[in-house]
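First comes the structure, then the notes that go with it.
Below, chains carry the letters A, B, ... as their sequence lines are ordered, and counting in each starts from 1. Basis for what follows: all heavy atoms, side chains included, without hydrogens, waters or symmetry-related copies.
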Amino acid sequence: MSVTPSPIAPEFYADDPILVARNLLGAILVHSHPVHGEMRAKIVETEAYRGEEDQACHARAGRTPRTEALYGPPGHAYVYLIYGMYDLFNVVAWPEGQPAGILIRGVEPLEGIDGKTHGPGRLTRAMHINRDYHGVPLWKGNLCIMHGEPIPEKQVRSGPRIGVDYAGNWAQKPWRFWINNNPYVSVKPPKSKS
DNA sequence: GCACGGATTTCC
DNA sequence: GAAATCCGTGCG
């Protein structure tokens, strides 16, 4: 018999954002859209952004209207516009009052999805996730993250986050996680010596 | 108010 | 390699 999919409880996200990013690999993102129907995809790439001291995290500016959601209770969506064109989807992590988010950078389509889903801007477009979802809970409602098959440690890779070179030393922290050899990871790992 | 630049993607 | 294209943040 198949396992009944169950939502990931908000307590899951209250943990250290680095661990949350790691443990979100393999989870199932479900979007029940009134027009486009039910879309399901497996999370295969994430990045953690943790705390005001993290110079790559939006919360480096402290509490502002934009970053308020990062300080809110874990398990809610943090969606924002980047480069005037793309909505990026994050999950708020860490206990309330401590700002952190997990950026979803790549998902593997399972059902009902048209378009490319490797890359944070592509997956939101393909799954029709936009700023309307900013702040919504992710364990109930139209946009939901469900438990999936756990990813064994041997299949997990980590490395520096993408596109945050402005963040100095923080840019080098290995807070990006992905499933090894999965084709829906946005950036291929550097080719090991041949 | 206004200038600056960004957790990206696509096209030349 | 650079454009596309908004808006949050910082500063005046």
[N] [atom2] sits how many Å from [X] [atom1], rounded?
X: A/Arg50; N: B/dA7; atom1: CZ; atom2: C1'; answer: 17 Å
X: A/Glu45; N: B/dT8; atom1: CD; atom2: P; answer: 10 Å
X: A/Ile82; N: B/dG6; atom1: CD1; atom2: C1'; answer: 4 Å
X: A/Tyr166; N: C/dG10; atom1: OH; atom2: P; answer: 13 Å
X: A/Asn130; N: C/dC6; atom1: CG; atom2: C1'; answer: 15 Å
X: A/Ile162; N: B/dT9; atom1: CD1; atom2: P; answer: 11 Å
X: A/Tyr80; N: C/dG8; atom1: OH; atom2: P; answer: 13 Å
X: A/Tyr83; N: B/dT8; atom1: OH; atom2: C1'; answer: 6 Å

Original post:
Quantified in whole Å, what is the P atom distance between nucleotide C/dT5 and nucleotide B/dC2?
Top reply: 22 Å
Original post:
Should A/Tyr80 and A/His134 be marked as a ring-ring contact (aromatic ring centres under 6.0 Å, His included) after you check the CA-CA gap, both sets of side-chain angles, and the distance that decides it?
Top reply: CA-CA 8 Å; A/Tyr80 72 97; A/His134 182 65; 9.0 Å; no
So, OP1 or OP2 of [N]: does either fall under 4.0 Å of a side-chain N or O from [X]?
X: A/His58; N: C/dG8; answer: no
X: A/Arg122; N: B/dT10; answer: yes
X: A/Arg125; N: B/dT10; answer: yes
X: A/Thr64; N: C/dT9; answer: yes

Original post:
For A/Tyr49 and B/dA7, is the gap between ring centres under 5.5 Å while the planes differ by less than 30°?
Top reply: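 Aromatic stack with B/dA7 present for A/Tyr49.
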Selected nucleotide, minimal atom distance to [X] side chain, candidates [options]:
X: A/Tyr86; options: B/dG6, C/dT5, B/dT9; result: B/dT9
X: A/Ala61; options: B/dA7, B/dT9, C/dT9; result: C/dT9
X: A/Leu88; options: C/dG10, B/dA7, C/dT5; result: B/dA7
X: A/Met85; options: C/dA4, B/dA7, C/dC6; result: C/dA4

Original post:
Is the shortest distance from a Lys or Arg side-chain nitrogen in A/Arg157 or A/Glu45 to a carboxylate oxygen in the other one below 4.0 Å?
Top reply: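 A/Glu45 and A/Arg157: not salt-bridged.
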Subject >> Electrostatic pair A/Asp16:A/Arg50 at N-O distance under 4.0 angstrom >> reply: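 Salt bridge between A/Asp16 and A/Arg50, a charged N being under 4.0 Å from a carboxylate O: yes.
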Original post:
Checking all strands, does A/Gly121 fall into the base, sugar-phosphate, or nothing category for heavy-atom contacts under 4.0 angstrom?
Top reply: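 Counting heavy atoms under 4.0 Å across all strands, the contact made by A/Gly121 is with sugar-phosphate only.
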Original post:
Which part of the nucleic acid does A/Arg66 contact within heavy-atom distance under 4.0 Å: base, sugar-phosphate only, or nothing?
Top reply: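 Sugar-phosphate contact only.
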Original post:
Just checking, is any N or O donor in the side chain of A/Glu68 or A/Tyr78 under 3.5 Å from an acceptor N or O on the other one?
Top reply: no
Original post:
Which heavy-atom pair separates A/Pro99 from A/Trp94 by the least distance, and what is that distance?
Top reply: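 Of all heavy-atom pairs spanning A/Pro99 and A/Trp94, the closest is O-CE3, 3.7 Å.
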**OP:** Identify the nucleotide, in any strand shown, that forms a Watson-Crick or G-U wobble pair with B/dA7, with both distances under 3.5 Å; if there is none, say none.
**Re:**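 For B/dA7, the partner nucleotide comes out as none, under the 3.5 Å rule.
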Original post:
What distance separates A/Arg161 CZ from A/Asp54 CG, expressed to the nearest 0.5 Å?
Top reply: 4.0 Å
